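Report on one structure; see the data block that follows.
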Amino acid sequence: MISMEQNRFYSLPQLPYGYKDLEPYMSEQQLTIHHQKHHQAYVTGANNILQKLDKTRKENVDLDVKATLKELSFNIGGHVMHSLFWGNLAPANKGGGGKPDGKLGKALEAEFGSFERFKKEFTQTAMSTEGSGWAALTWCRQTSRPILMQVEKHNVNVFPMFRILMVLDVFEHAYYIDYKNDRAKFVEAFWNVVNWKEIGNRLQEILK
Ligand code: MN
């Protein structure tokens, strides 16, 4: 029998706000489909592969390791990135938007020269991601620098071992209902629902 204990598989996390709460920047319909269909698909996809690995090992049969690991990386990446994304968003009337303060605000100013310059480079990162992917702000513990990361798909061009502070999903599935193909409008809207408090907390955790 394949073990089905919950903690040996991934599960879809609940959003820390309601589906309507990011409006008008992300509509209820867009957020619901994004979370319940798209994110869920990566959870299901990763779990299916884990079950396949369990089964082939139990039966001691071969599998296409290269193709399986490529698919597993994409699906786990999708699950992890979406989980980070929901956490770094907040309703505009409940702390979303504005500017970071504290250590995070200081670190961004020290690295980029100003918050406005950071915002511009992060926006450019999001706008120039080829095809589907993510813009991310990471923290490098060796240099104590916040470093921008442009992820293709969910898992390509990632800096290994860097901690992720903030992500923005630029898969078209993140915005097609609200903005059609206009990624620029979606990226502009994102700044109204960024949860700087949570992102600052992520940095505090790293610096402990
Ligand atoms: Mn997505």
Side-chain angles (χ1 to χ4, degrees), residues 9-50 69-92 94 96-97 119 121-138 147-160 162-196 198-199 202:
F9 292 91
Y10 298 103
S11 56
L12 186 69
Q14 280 209 326
L15 296 182
Y17 33 74
Y19 286 112
K20 285 183 184 172
D21 292 351
L22 301 182
E23 292 189 337
Y25 307 106
M26 280 183 217
S27 69
E28 179 183 17
Q29 188 190 14
Q30 179 73 76
L31 186 56
T32 303
I33 289 176
H34 196 177
H35 180 247
Q36 293 183 1
K37 302 294 181 193
H38 294 287
H39 185 171
Q40 179 66 58
Y42 302 120
V43 170
T44 304
N47 287 339
N48 286 344
I49 297 163
L50 293 179
L69 294 184
K70 188 172 180 177
E71 201 187 340
L72 186 60
S73 173
F74 177 74
N75 281 284
I76 291 177
H79 169 52
V80 170
M81 293 296 267
H82 281 93
S83 301
L84 285 165
F85 185 44
W86 310 133
N88 66 226
L89 299 176
K94 286 181 187 159
K119 199 173 157 183
E121 284 192 33
F122 189 89
T123 297
Q124 289 169 334
T125 303
M127 289 306 297
S128 64
T129 303
E130 286 177 12
S132 295
W134 298 79
L137 176 66
T138 71
I147 295 185
L148 293 172
M149 179 169 78
Q150 185 175 64
V151 182
E152 291 174 13
K153 299 193 271 187
H154 299 307
N155 53 336
V156 179
N157 296 342
V158 170
F159 307 139
F162 279 36
R163 297 287 288 272
I164 297 176
L165 297 174
M166 168 172 114
V167 294
L168 170 58
D169 190 346
V170 290
F171 274 60
E172 208 167 81
H173 75 213
Y175 57 86
Y176 66 102
I177 292 169
D178 292 340
Y179 302 98
K180 297 195 172 66
N181 62 344
D182 195 341
R183 186 186 290 185
K185 273 194 186 150
F186 172 63
V187 174
E188 186 58 36
F190 165 73
W191 297 110
N192 295 290
V193 288
V194 178
N195 186 346
W196 289 117
E198 168 62 18
I199 297 160
R202 287 176 183 174

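If you're wondering where the values come from, they're calculated on a predicted model, not measured in any experiment. First listed ligand is number 1; within each ligand, the first listed atom is number 1.
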Practice item. Answer yes or no: is there a side-chain heavy-atom contact under 4.5 Å between Y42 and N47? Key: no
**Study point:** Atom name in H34, limited to N/O/S, at shortest distance from the Mn ion (ligand 1)
**Key:** NE2
Revision key, fill the gap. For the Mn ion (ligand 1), the nearest N/O/S atom on D169 is atom OD2
Check your understanding: Do any of the N, O or S atoms of H173 sit under 2.8 Å from the Mn ion (ligand 1)?
Key -> yes
Check your understanding: With no hydrogens and no angle check, is any side-chain donor or acceptor of Q150 less than 3.5 Å from a backbone partner on A135?
Key -> no
**Study point:** H173 ring center within less than 6.0 Å of H154 ring center
**Key:** no
Practice item. For the residue pair F85 and H34, categorise the inter-ring angle as parallel (less than 30°), tilted (30 to 60°) or perpendicular (more than 60°). Key: tilted
